[in-house]
Amino acid sequence: MGPDDVESSVGAYTEAAGLSQLGTYLESDFTAVDEPDESFDAVYALDSTCHAPDRVDVFAEAFRLLEPGGCFESFEWCLTDRFDAGDSHHCQLKHDIELGGGLQDIVSLHEVDAALDKVGFEVLEAFDMAEAPEPSISWYQPLAGPRLSLTGLRSSRVGRSATYQFLRILEALRVVPRGTPGAARLLNTAAAALAESGRLRTFTPMYFVLVRKPA
């Protein structure tokens, strides 16, 4: 599926919902958006800026696009203060998340704060929502799965191994595309690392920031 197919597919959903008059779509490099300066009154990002080679570049582009007084809101993937760079287990989990998530590097909460400050944003709110009063289900629980359930079995080491072997059979029979088992193993490695990092609280995908471009 190419870029034009993606845009038309999303547009079809909008049209079907009767909302075409409320929005348009633009596929673009989020560090170089093809729109004029100060053309938006608000900008948001959800689980995406972690893919930028440098947070400063994407935050600077959000700053450029915003009108004075406009706000930028984002959920950031970050290492927490509990991450220990001298702990080999912590570092292996970080590596596995990066590998499975297609990330160059996972930065700390403080590095996100510094990048926002560098481009000139005023911080209104910044906190790790994962540290808020515990909900009934933690963000990482679906990746680990409850122990006594089909979901738990699927997310267990045994379940993931069985899925991998089944996909190898389907690949040999040419039922699934070549490389599917390898992709599944990569994603399972990342899922396991996310669940363990969530349990240890060395990583969060829920660092919430709300900042404003000075008026």
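Since this is a predicted model, take the numbers as computed values, not measurements.
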Applying the 4.5 Å side-chain criterion to the ILVMFWY set and letting contacts propagate, would [X] and [Y] be lumped into a single cluster?
X	Y	value
Leu46	Tyr140	yes
Leu124	Met129	yes
Tyr25	Leu19	no
Val211	Val33	yes
Val112	Val123	yes

I'd like to know if the side chain of [X] reaches the main chain of [Y], judged simply by a donor and an acceptor atom lying under 3.5 Å from each other, with no hydrogens or angles considered.
X	Y	value
Ser48	Ala45	no
Thr80	Arg82	yes
Asp117	Asp113	no

Are the charged groups of [X] and [Y] less than 4.0 angstrom apart, N to O?
X	Y	answer
Glu122	Lys213	no
Arg199	Glu196	yes
Glu35	Arg64	no
Lys94	Asp105	yes

4.5 Å side-chain heavy-atom contact, Cys50 and Glu76: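 SC-SC contact between Cys50 and Glu76 ruled out.
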Value rounded to 0.5 Å, distance of CG in Asp87 from CD in Gln92: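 If we round to the nearest 0.5 Å, Asp87:CG and Gln92:CD are 11.0 Å apart.
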Test item: side-chain donor near acceptor, Gln141 and Ser138, under 3.5 Å: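 Judged by distance alone, the side chains do not pair up.
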More than 12 heavy atoms of other groups within 6.0 Å of Phe127 CZ: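 Buried by this count: over 12 neighbours within 6.0 Å.
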Residues, nucleotides or ligands: over 12 heavy atoms within 6.0 Å of Asp37 CG: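 Enclosed: over 12 neighbouring heavy atoms sit under 6.0 Å from CG of Asp37.
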Distance flag, aromatic centroids of Phe83 and Phe203, threshold under 6.0 Å: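 No; Phe83 has its ring centre 6.0 Å or more from that of Phe203.
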Check: Phe121 ring centre within less than 6.0 Å of Phe59 ring centre: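 Phe121 vs Phe59: aromatic centres not under 6.0 Å.
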